[in-house]
Amino acid sequence: MFPEYRELITRLKTTDRHFTNLFDKHNDLDQKIKNMESHVESGTQEEIETLKKEKLHLKDELYAILKKTEA
C-alpha cells in the first residue's frame, strides 16, 4: 500500500499512534477479507463487501494523513 510513501509510513508508524492504529486495523481487515474469500473463515458476500468498504475508508484516512504530513 502506497509504495511511494514507504519511508514516511515507516516514520509515522514509529511516531504517530493514531496512524499506527489505522494502519494495523487496515492490515487486519485485509487479512480477514482474504481469509473469508478463500473460505479459511466463514463469511457471507455481504459481510465481505462491508469489510471492504471499511478497509477502503481506512485507506482513505491513511492517505489523507500521508498527504498532510508530506506537505
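Being a predicted model, the structure only gives us computed values, none of them experimental. The figures here come from the full heavy-atom set of this structure, side chains too, leaving out hydrogens, waters and symmetry mates.
Taking a cutoff of 4.0 Å between a charged side-chain nitrogen and a carboxylate oxygen, E37 and K34 do not qualify as a salt bridge.
Shown here is K55, whose NZ atom has more than 12 heavy atoms of other residues, nucleotides or ligands within 6.0 Å.
Taking Ile, Leu, Val, Met, Phe, Trp and Tyr as members and joining any whose side-chain heavy atoms lie under 4.5 Å apart, directly or through other members, the hydrophobic cluster of L12 also contains M1, F2, Y5, L8, I9, F19, L22, F23, L29, I33, M36, I48, L51, L58, L62, Y63, I65, L66.
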| task | Just do the side chain to side chain contact (heavy atoms under 4.5 Å, CB included) check on H57 and K53 with the steps written out, would you? | result | CA-CA 6 Å; H57 178 72; K53 288 176 185 176; over 6 Å; no

| task | Any chance you could lay out the side chain to side chain donor-acceptor pair (under 3.5 Å) test for N35 and Q31, step after step, and finish with the verdict? | result | CA-CA 6 Å; N35 288 345; Q31 188 59 54; 3.0 Å; yes

| request: Take H26 and E61 through the test side chain to side chain contact (heavy atoms under 4.5 Å, CB included) and record every step on the way to the result. | output: CA-CA 10 Å; H26 178 276; E61 284 187 65; over 6 Å; no

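By the side chain to side chain contact (heavy atoms under 4.5 Å, CB included) test, E7 pairs with no residue at all, sequence neighbours left out. For the side chain to side chain contact (heavy atoms under 4.5 Å, CB included) test, residues two or more places apart in sequence or in another chain that qualify with T44 are E46, E47.
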